[in-house]
Amino acid sequence: MREIDGIPYSIIKCRRRRTLGIVVNPDGEVEVRIPTWVTIACAEEFVRERYDWIVKSRKKMLERKERQAVHDWEKVKAETDPWIHGKGGELFKQKVDYWADRLGVTYNRVTVRDTSTRWGSCSTKGNLSFSWKVFVMPERLVDYLIVHELSHRRYMNHSQQFWDMVETYIPERKKIKKEFEEYV
């Protein structure tokens, strides 16, 4: 384990890797991944050059970990699960239908899953999937997430056209997106 200004990091040599990369894990652990032909001195220089980014990313990950510790997600899930698969699920589908109608798009089906990292997704077949955690989020964040996923029915990317569409229906999307990222 190496250290730069009090931040420990490890260097991992990877046979198939072609570039140098830094990963800050959710627990704040920093890994520097390098191809086998790169020297340790070169890797250390790479870390020094990206020190500010490492500090910022590590702080963000540790804050996220702290926020998640506040939520006892397993307890929340156990308490809300029956509602999610009953009346809550019906209300959520109505909300998705409302937004789909406003955006002028269709979708195939909506599922609610127990996901740890993704809050929502849209498949090329038009299947929408959401984390059960959306049921305990503020409504403005849920609306943003639904509009985001439904906008993928028109644009299966994150192009400027996609973001313009999201912003048409969620005018404060940048502010809400930032709030969403802080929430998760």
Side-chain angles (χ1 to χ4, degrees), residues 1-74 76-77 113-124 127-134 136-138 140-142 144-167 170 172-184:
M1 187 70 67
R2 298 172 187 288
E3 193 174 296
I4 181 169
D5 291 341
I7 298 176
Y9 67 94
S10 57
I11 296 176
I12 301 169
K13 290 199 172 217
C14 308
R15 279 187 300 170
R16 293 186 179 186
R17 190 167 189 91
R18 295 175 185 248
T19 60
L20 288 82
I22 299 174
V23 175
V24 179
N25 294 319
D27 62 358
E29 190 176 304
V30 179
E31 294 178 358
V32 181
R33 298 179 182 171
I34 63 172
T36 54
W37 52 266
V38 171
T39 65
I40 298 298
C42 184
E44 290 173 340
E45 179 63 26
F46 183 70
V47 169
R48 280 191 291 280
E49 289 171 358
R50 285 155 182 81
Y51 177 77
D52 291 340
W53 179 87
I54 292 170
V55 169
K56 182 180 167 187
S57 297
R58 191 168 184 268
K59 181 179 183 230
K60 186 176 178 180
M61 286 298 198
L62 292 172
E63 286 171 353
R64 179 180 290 172
K65 183 180 178 183
E66 195 173 291
R67 278 194 307 275
Q68 287 178 342
V70 171
H71 300 298
D72 183 352
W73 288 116
E74 291 305 313
V76 173
K77 183 176 187 301
R113 297 189 174 161
D114 187 2
T115 60
S116 58
T117 55
R118 281 200 179 188
W119 288 76
S121 65
C122 175
S123 75
T124 55
N127 297 323
L128 304 175
S129 181
F130 296 92
S131 168
W132 67 269
K133 294 175 187 174
V134 301
V136 295
M137 294 175 74
R140 67 189 171 283
L141 301 183
V142 175
Y144 166 79
L145 183 61
I146 292 171
V147 169
H148 179 109
E149 297 310 332
L150 286 170
S151 294
H152 282 308
R153 293 297 296 135
R154 183 132 332 126
Y155 305 102
M156 284 301 287
N157 54 41
H158 288 112
S159 65
Q160 188 57 50
Q161 293 168 315
F162 168 85
W163 288 116
D164 289 346
M165 183 175 184
V166 173
E167 202 159 322
I170 309 289
E172 295 183 319
R173 72 127 178 128
K174 289 181 182 176
K175 178 182 169 193
I176 292 173
K177 182 176 186 279
K178 184 174 177 147
E179 185 180 345
F180 184 85
E181 289 169 352
E182 290 172 1
Y183 186 85
V184 300

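- Taking the six-membered ring where the residue is Trp, Trp163 and His148 present perpendicular rings, their angle passing 60° and hence far from 30°.
- Partners of Arg33 by salt bridge (Lys or Arg N to Asp or Glu O under 4.0 Å), not counting sequence neighbours, listed by chain and number: Glu31.
- Applying the salt bridge (Lys or Arg N to Asp or Glu O under 4.0 Å) test to pairs two or more places apart or on separate chains, those with a residue in residues 1-20 are Arg2-Glu44.
- Using a 4.5 Å cut-off on side-chain heavy atoms (C-beta onward), Asn25 and Met61 make no contact.
- Residue Ile11 is tested with Leu20, Val32, Val47 for a side chain to side chain contact (heavy atoms under 4.5 Å, CB included); the sole match is Val32.
- Lys178 NZ to Arg173 CZ: the interatomic distance, rounded to the nearest 0.5 Å, is 13.5 Å.
- Considering CD1 of Ile34 and OG1 of Thr39, their distance stands at 7.5 Å, rounded to 0.5 Å.
- Shown are Val166, Asp164, Ile146; of these, the side chain to side chain contact (heavy atoms under 4.5 Å, CB included) with Ser151 is made only by Val166.
- Proximity of a side-chain donor or acceptor of Ser131 to a complementary backbone N or O of Val134 within less than 3.5 Å is not detected.
- Open room surrounds CZ on Arg113; 12 or fewer heavy atoms of other groups in view lie less than 6.0 Å from it.
- Contact between Arg153 and Ser123 at its shortest, heavy atoms only, is NH1-O, 4.2 Å.
- Counting only heavy atoms from C-beta outward, the side chains of Asp52 and Lys56 never approach each other to under 4.5 Å.
- Of all non-hydrogen atoms in Ala43 and Val38, the two that sit nearest each other are N-CG1, 4.3 Å.
- With contacts defined as side-chain heavy-atom distances shorter than 4.5 Å, the pair Glu179/Tyr144 does not qualify.
- The OH atom of Tyr51 sits 15.0 Å away from the CD atom of Glu49 when rounded to the nearest 0.5 Å.
- Here the SG-CE distance, from Cys122 to Met156, works out to 5.0 Å after rounding to the nearest 0.5 Å.
- Contact of the Phe130 side chain with the Val142 side chain is not registered, since no non-hydrogen atoms from C-beta on lie closer than 4.5 Å.
- You'll find the side chain of Ile22 reaches within 4.5 Å of the side chain of Val30, heavy atoms only.
- Salt-bridge annotation for Arg140 and Glu172: absent, with no side-chain N of the basic residue lying under 4.0 Å from a carboxylate O of the acidic one.
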